[in-house]
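FYI, the numbering just counts along the sequence from 1.
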Amino acid sequence: MAEERKPLSMVRNIGIMAHIDAGKTTTTERVLFYTGKKHKIGEVHEGAAEMDWMEQEKERGITITSATTACFWDGHHINIIDTPGHVDFTVEVERSLRVLDGAVALLDGSQGVEPQTETVWRQADKYGVPRLIYVNKMDKLGADFYMSVDSIKSRITDKGVVMQLPVWQADEFKAIIDLMKMKMYTFTWDHGIMVNEHEIPADMQAKCEEYREAMIDKVSMFDDELAEKFLGGEEISIELIKRAIRKGVVTNQLYPIMCGSSLGNKGTQLMLDAVVDYLPCPLDRGSMKGHDVDDDDKILERKPSDDESISAIAFKILTDPFVGTLTYVRVYSGVIHSGDFLLNPVTGQKERVGRLLLMHANKREEISEVHAGHICAFLGLKDTRTGNTLCDMNKPIILEKMTFPEPVIDIAIEPKSKADQERMGLGLSKLAYEDPSFKYYTDPESNQTIIAGMGELHLEIIVDRLRREHKVEVTTGKPQVAYRETITKSAEGEGLFKKQSGGRGQYGHVLLRLERVEEKDYEFKDEVTGGRIPKEFIPAIDKGAKESVAQGILAGFPIINVRVCPYDGSYHDVDSSEIAFKVATYKAMKDAFMKAGPVILEPIMDVEVVTPEDYVGTVMGDLSARRGMIQGQDKRGNGAVVRAKVPLSEMFGYTTDLRSNTQGRAASSMQFASYEKVPEAVAKKIIDERAGKIKKIDED
């Protein structure tokens, strides 16, 4: 490693997370510049950002894949992951947050908290990741720090504490006031590299004192000494305030709110100071919990120490055109050397670590070992998937798994030539290996290849990557919604499969009950007693039920939220077989399902449209026409925000329609909310279409 190894107390593993277009990548570029990692700043809008290294990222000016880099600030080693903001790539955020110790949540100062901000905030809550909040773009037209602070309180948390105030002069963002030091800072020289300290302007003194008192009042609950001094009116040292804030942040009970403009080169260095001062090191996060390979209930722990047995998580897999498959790994305990053999306890396979690479976006620096608390890329792993644990061969442990959302949209794709067909299969398998939220399969009815993902942009990028990286030319069909089927009540069904045609026959007889269950997609509960069905045939019933659920019964869509309970049946000493019981189960499933109030479910999206006031009526009318339910309307800056729940099937091409309806002045974002029942008329149309499609395939 180019720099000497730092003790764990001086290591920070952080992510930068936010809504799309809040300035995450620009902020990361400034961090790399100020920490001396690069000598030229690359701008996103010029397609030159270092962390957006994929061609698709440069063209669209957005982050698609989370990039990772290492840098140094104030003697501390900081590993940074720049995550995407677009909802279609939410899985990238999910897997990054799983391995981070802290995060910086960015807001666009003119928008405050936006929908994807709420989503990534909830994801960080899920993994208990401590955060700072950085209100960016303070120099943007319509920027309002105090509105942004209000939106933080009303939409994501009331545990925010204002640490800085912006200074405007003649409507221009000029400086930042640090409420702890009670000093004003300006940023001059090359890209604001020089940080200058000034006294607070007289006209802001009273406001700063008011906010400082509120800040100390809020943080005093984390330190008794500070609380005593505050109540006694004594002078309080900066170190004492910092100590209290750090306690609050590390325990996820306090979120410091800062401000700046990354593009305008103001505030990034102060944000880096806060990362070092307040966000946790691997030691603060404590031991990593996991479970025994053979017993899920037996809890095991690994301390963040080089002396512990090895435990690590593979959180991202990337196919690099030059070096092959890169596996990004967070090491929680132990030391891993290149050439070491590790166990993947999920697959039971032994993996050899080829080379170890310290990543800087898509550039690499080879190292010989990686220590507890660090992030590194491994070359040479063969069977390790995203979320898999890697551990010591002799002391296995399975760390907490990651959960990934199911795709909500799919399209059919076809290769343009026979040569493309062979390359397409290979390309799709590599892309699915990298991205757990992307799936592909062959439709048994049409024999077409179907790709499924989190949104139109997600699939557009997949097709683009097939073309560029894997040299596959394909044609695509129209996007299709990933509908689901379910039941609304419990019902019983019977299935009998009996076949006699000379020699040994087939016999299987199953009675089962279907119940609705909210928490799971599928559950199997064996209630057969008295040997009515021999135990060896129960797995065949489970398998038959699973296959029925995967294929769907009403219109051929997967079934969710069902519990299958076989409770009776009969068998034949000679003729019964696994196949017979599987077929009997298909029949029983269909019988019970059609009696259980079957319905089709469709994905409903949370849609938010930011529009000038003049177009509010137009926007609401259009959303209502798309079967949307208007949830509310707020004022934001000079415009309005309309929130609605709308079926995904009605939202294809919405961005184009919105632009034409509002002269290009409105913007929208949407994310998956839930599955809801399809109206009767729409359900009938879907079933008829599916029946017509199957009939046509049969005729062909």
Side-chain angles (χ1 to χ4, degrees), residues 19-20 86-91 93-94 114-123 126 155 403-411 437 439 452-459 478-488 516-521 552 554-562 597-611 619-634 641-655 657-658 666-687 689-690:
H19 186 88
I20 189 168
H86 196 287
V87 66
D88 284 15
F89 308 104
T90 185
V91 68
V93 185
E94 182 88 16
E114 298 177 86
Q116 190 63 8
T117 320
E118 294 183 71
T119 302
V120 295
W121 192 269
R122 285 195 300 270
Q123 286 174 304
K126 175 178 167 184
R155 297 188 69 170
T403 54
F404 300 112
E406 285 298 311
V408 295
I409 180 174
D410 56 48
I411 57 173
S437 66
K439 303 267 197 304
M454 301 309 297
E456 286 181 274
L457 180 62
H458 188 194
L459 295 184
K478 281 186 179 176
Q480 301 292 319
V481 175
Y483 292 106
R484 296 286 184 268
E485 298 176 13
T486 193
I487 57 174
T488 54
R516 184 167 170 80
V517 53
E518 295 296 335
E519 313 82 54
K520 298 178 181 176
D521 283 350
L554 193 59
F557 299 113
I559 297 166
I560 60 171
N561 303 133
V562 290
V599 291
I600 293 178
L601 303 175
E602 63 181 341
I604 304 293
M605 312 303 283
D606 276 328
V607 178
E608 184 166 297
V609 182
V610 182
T611 175
V619 167
M620 291 173 83
D622 185 39
L623 290 171
S624 298
R626 295 170 185 268
R627 294 197 283 125
M629 294 284 290
I630 306 297
Q631 301 292 299
Q633 177 194 335
D634 302 317
V641 182
V642 178
R643 294 189 310 280
K645 289 192 181 292
V646 192
L648 175 62
S649 59
E650 304 290 341
M651 291 300 288
F652 295 134
Y654 179 68
T655 307
D657 291 347
L658 181 65
S668 69
S669 61
M670 70 174 181
Q671 59 194 31
F672 174 72
S674 61
Y675 271 100
E676 303 288 344
K677 182 184 170 185
V678 172
E680 294 290 341
V682 179
K684 187 176 185 310
K685 189 178 170 190
I686 293 167
I687 293 167
E689 277 177 8
R690 295 284 285 188

Spacing of CD1 belonging to Ile409 relative to CE belonging to Met651, to within rounding of 0.5 Å: 11.5 Å
Candidate list Gln123, Arg122, Glu118, test side chain to side chain contact (heavy atoms under 4.5 Å, CB included), partner Val120, passing option: Gln123
Under the side-chain contact (heavy atoms from CB on, under 4.5 Å) criterion, do Gln633 and Met620 qualify, and how do the steps go? CA-CA 10 Å; Gln633 177 194 335; Met620 291 173 83; 3.8 Å; yes
Between Lys645 and Asp606, which heavy-atom pair has the shortest distance, and what is it? NZ-OD1, 2.6 Å
Side chain to side chain contact (heavy atoms under 4.5 Å, CB included) with Ser668: of Val609, Thr611, Val642, Asp657, only one passes, and it is Val609
Should the heavy atoms of other residues, nucleotides or ligands under 6.0 Å from NZ of Lys685 be counted, would the total exceed 12? no
Backbone of Lys520 reached by a side-chain donor or acceptor of Asn561 within 3.5 Å: yes
Would you indicate whether the side-chain heavy atoms of Leu648 and Met670 approach each other to under 4.5 Å? yes
Within-4.5 Å side-chain heavy-atom neighbours: Ser437 and His458: yes
Donor-acceptor under 3.5 Å (Glu602 side chain, Ile600 main chain): no
Rounded to the nearest 0.5 angstrom, the OG1-CZ distance for Thr117 and Arg155 is 7.5 Å
Which atom pair, heavy atoms only, marks the closest approach of Gly628 to Val646? CA-CG2, 3.9 Å
For Ile604 versus Pro647, what's the shortest heavy-atom pair and its separation? CD1-CA, 3.9 Å
Quick check: does any side chain N or O of Glu485 sit under 3.5 Å from a backbone N or O of Gly556, one acting as donor and the other as acceptor? yes
Partners passing ring-ring contact (aromatic ring centres under 6.0 Å, His included) against Tyr675 (at least two apart in sequence or in another chain): Phe672
I'd like to know if Asp634 and Arg643 make a salt bridge, using a cut-off of under 4.0 Å between side-chain N and carboxylate O. yes
Could you pull out the closest heavy-atom pair between Arg626 and Glu650, with the gap in Å? NH1-O, 2.7 Å
Judged by atom type as modelled, is there a donor-acceptor pair below 3.5 Å linking the side chain of Thr486 to the main-chain atoms of Ile560? yes
Shortest non-hydrogen pair, Val481 vs Pro603, comes out as CG1-CD, 3.3 Å
Roughly how far apart are Glu676 CD and Arg627 CZ, rounded to 0.5 Å? 11.5 Å
Side-chain contact, heavy-atom cut-off 4.5 Å: Tyr483 with Leu554? no
Decide yes or no for Phe557 and Ile686: does some side-chain heavy atom of the first lie under 4.5 Å from some side-chain heavy atom of the second? yes
Of all heavy-atom pairs between Leu459 and Gly453, which one has the smallest distance, and what is that distance? CD2-N, 3.5 Å
